[in-house]
2 protein chains.
Amino acid sequence: MEDLAPAAAYGHKLPAAMQAFGIVTPCRRGQQIYAREDPVDSWYHVISGLARKSTVFSDGRRRIVDFLVPGDFFGFSARRERDFDVEAVTDGTVVAAFPRRRLEALADTDRDVARLLRDLACETISRLQGRILILGRVTAMKKVGAFLVEMARRSHDATVVDIMLTMSRYDIADYLGLSVETVSRAMTVLQHRRCIELRGNHLIKILRLEELD
Amino acid sequence: MEDLAPAAAYGHKLPAAMQAFGIVTPCRRGQQIYAREDPVDSWYHVISGLARKSTVFSDGRRRIVDFLVPGDFFGFSARRERDFDVEAVTDGTVVAAFPRRRLEALADTDRDVARLLRDLACETISRLQGRILILGRVTAMKKVGAFLVEMARRSHDATVVDIMLTMSRYDIADYLGLSVETVSRAMTVLQHRRCIELRGNHLIKILRLEELD
DNA sequence: CGTAGTCTTGAGTATCCTCAACGAGGGTGG
DNA sequence: CCACCCTCGTTGAGGATACTCAAGACTACG
């Protein structure tokens, strides 16, 4: 029952001149899309599924910098090498790659494309700033609550109450800077307070959104 | 690990066509540059001093999303309203404001400006991602250490060892998501370990950079 | 020189992490 | 089809870390 709707919803927003040379690639769970130190030679668009941008600290801890959902762009960088790894979280994650040179050449001649790229970069900035606010929350409960609200907002379903959390609890922990156990405990507390309802481990229904924030 | 600070890369070579209509404004300590809910009608460039981008949570806690040093651009947004406040931290902070419409019109006709704006947005993305990694650090010591390293890198002095931390400990605490007391304690511990040397409250000399990370 | 804001230090407490064990689900091979 | 394994998720106990509250020292500035 993987959501296919968002792909259709966002695909058509791209200018035809851009879509023409997007290289669509389906990925398996865990498959790497790019790695640290790779050359920055493409920009990417998530068509379906979920991807995670992460890095590993010297002490072995992994930090997830960003989750990428359908409609998100990623891979923006003014540098020559990647700072992070990006992997598909689920089977059936589909991304389109846009060769950087061609895309920038297109932006040079097509002002709509240039504007789109600017807007997409600005969207990324907004997302990361929101992310920083989540990390700035004090308690684990607040962090997990804010995370759920963020994911509800970003899931492109019309209903904001049902969230499909395809990522694992470990991913969530590495995203929020908490231990898996703390994430798990926060979830059960939220459930007992009847703020959320868990149906299986990954389908979550939000009952009282205002309490989460 | 990262490329040079944006200050070095862009600070002194804005295209003449852009500089022509930048509105230069000196600010006093604490003076607001823009506020939440303000219309997004300008982009900004820090010329000197220091600014902070922040928001206040419903529980009254302030979170600083970004410090802005000379050379940084800010105010990028694809939205209509601001999500954050930006204030000058020190007297003598000077920023240049670029009216959004004029700047975007210029970008439409001047591909160098268009590229510059893209690159600047990408720089902001890199900075925010680095920021997320700092917040993801586990202990307060690591956070403060990583903060000092970040500020050393971004200060546009050639010497990377002497940092002028013009912001208060409160600002640092709100930036790192710690209490002021914890920041203060971390500083004294780092000093006792002879990783840093404090001369006055705001001038810091880094003795052993590698230990901070 | 006084005052307000800033910085540091201390004591006690709450929160979260670590370590450990166990249960549930999915995939694989016999 | 079932047994097994492996990953994932949950729960518990104990300990470390950072927060809160409180007080005192220092600084900048009028």
Side-chain angles (χ1 to χ4, degrees), chain A residues 1-2 28-30 50 52 57 59-64 87 89-92 134-145 147-148 164-192 196-204, chain B residues 28-30 52 57 59-64 87 89-92 134-148 164-192 196-204:
Chain A
M1 258 323 203
E2 211 72 83
R28 312 203 55 114
R29 171 189 159 98
L50 180 71
R52 63 178 170 239
F57 283 152
D59 64 356
R61 291 171 199 270
R62 182 186 63 163
R63 275 294 95 112
I64 293 178
E87 300 151 343
V89 174
T90 59
D91 278 342
I134 293 180
L135 284 174
R137 287 274 149 81
V138 199
T139 66
M141 291 289 303
K142 293 261 184 189
K143 283 186 189 175
V144 172
F147 167 75
L148 294 175
M164 194 64 186
L165 288 182
T166 47
M167 72 289 285
S168 72
R169 298 283 192 270
Y170 288 88
D171 286 334
I172 299 174
D174 289 348
Y175 184 77
L176 295 177
L178 299 171
S179 68
V180 201
E181 295 91 334
T182 302
V183 171
S184 184
R185 279 184 252 266
M187 292 281 215
T188 48
V189 170
L190 287 176
Q191 199 176 6
H192 288 151
I196 61 173
E197 196 176 310
L198 292 168
R199 318 194 180 169
N201 280 329
H202 295 290
L203 184 56
I204 291 189
Chain B
R28 310 204 56 112
R29 171 189 160 98
R52 64 178 169 239
F57 284 152
D59 63 355
R61 289 170 200 270
R62 182 186 63 162
R63 276 293 92 115
I64 293 178
E87 298 150 345
V89 174
T90 59
D91 278 342
I134 293 180
L135 285 174
R137 289 274 149 80
V138 199
T139 66
M141 291 290 303
K142 293 260 185 191
K143 283 186 189 176
V144 173
F147 167 75
L148 293 176
M164 193 65 187
L165 287 181
T166 47
M167 72 289 283
S168 72
R169 300 281 192 271
Y170 288 89
D171 285 335
I172 299 175
D174 289 348
Y175 183 77
L176 295 177
L178 299 170
S179 67
V180 200
E181 295 92 332
T182 302
V183 171
S184 184
R185 277 185 253 265
M187 293 281 215
T188 47
V189 171
L190 287 176
Q191 199 177 6
H192 288 153
I196 62 173
E197 194 176 313
L198 291 169
R199 316 196 181 168
N201 279 329
H202 295 291
L203 183 58
I204 292 190

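To find a chain, count down the sequence lines: A is the first, B the second, and so on, and within it residues start at 1.
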**OP:** Can you see which heavy atom on Leu135(B) is nearest to which on Lys143(B), and at what distance?
**Re:** O-CE, 3.5 Å
Subject >> Nearest-angstrom distance from the residue atom CG of Leu203(B) to C1' of dC7(C) >> reply: 16 Å
**OP:** Could you check whether Ser184(B) gets within reach of a base, just the sugar-phosphate, or nothing at all, counting any heavy atom under 4.0 Å?
**Re:** base
Original post:
How far apart are the closest heavy atoms of Val144(A) and Val183(A), and which atoms are they?
Top reply: CG2-CA, 4.5 Å
Subject >> Interatomic distance, Met167(B) CE vs dC7(C) P [rounded to whole Å] >> reply: 11 Å
**OP:** Determine whether Leu165(B) and Leu148(B) make a side-chain contact, defined as any pair of heavy atoms from C-beta on separated by less than 4.5 Å.
**Re:** yes
Original post:
Quick one: does Arg62(B)'s side chain get under 4.5 Å of Asp171(B)'s, heavy atoms only?
Top reply: yes
Subject >> Set of side chain to side chain donor-acceptor pair (under 3.5 Å) partners for Arg169(A), sequence neighbours left out >> reply: none
**OP:** Identify, with sequence neighbours excluded, every residue that meets salt bridge (charged side-chain N to carboxylate O under 4.0 Å, His left out) alongside Glu181(A).
**Re:** none
Original post:
Taking protein heavy atoms under 4.0 Å as touching, what does nucleotides 10-19 of chain C look like 5' to 3' if B marks base contact, S marks sugar-phosphate-only contact and - marks none?
Top reply: BB----SSBB
Original post:
To the nearest 10 degrees, what angle separates the axes at the start and end of the helix from dC1(C)-dG30(D) to dG30(C)-dC1(D), five pairs each?
Top reply: 40°
Original post:
Can you give the first and last nucleotides of DNA chain D, 5' to 3', that have an atom under 4.0 Å from a heavy atom of chain A?
Top reply: dC8(D) to dA13(D)
Subject >> Nearest heavy atoms of Arg52(B) and Ile64(B), plus distance in Å >> reply: CD-CD1, 3.8 Å
Subject >> Listed partners of Arg137(B) passing side chain to side chain donor-acceptor pair (under 3.5 Å), at least two apart >> reply: Asp213(B)
**OP:** Please report the shortest heavy-atom distance between Ala140(A) and Thr182(A), naming the atom on each side.
**Re:** CB-CG2, 3.4 Å
Original post:
Quick one: ring pair (Phe, Tyr, Trp, His ring centres under 6.0 Å) partners of Tyr175(A), sequence neighbours excluded?
Top reply: Phe67(A), Phe147(A)
Subject >> Qualifying residues under side chain to side chain donor-acceptor pair (under 3.5 Å), relative to Thr166(B), sequence neighbours excluded >> reply: none
Original post:
Could you write nucleotides 21-28 of chain C as a row of B, S and -, 5' to 3', where a protein heavy atom under 4.0 Å of any base atom gives B, of only sugar-phosphate atoms gives S, and otherwise -?
Top reply: --------
**OP:** Apply side-chain contact (heavy atoms from CB on, under 4.5 Å) to Asp91(B) and list each qualifying residue two or more places apart in sequence or on a separate chain.
**Re:** Arg28(B), Arg29(B)
Donor-acceptor contacts, no H, no angles, side chain residues 185-192 of chain B, under 3.5 Å, sequence neighbours left out:
from	atom 1	to	atom 2	distance (Å)
Thr188(B)	OG1	Ser184(B)	O	3.3
Thr188(B)	OG1	Arg185(B)	O	2.8
His192(B)	ND1	Thr188(B)	O	3.4

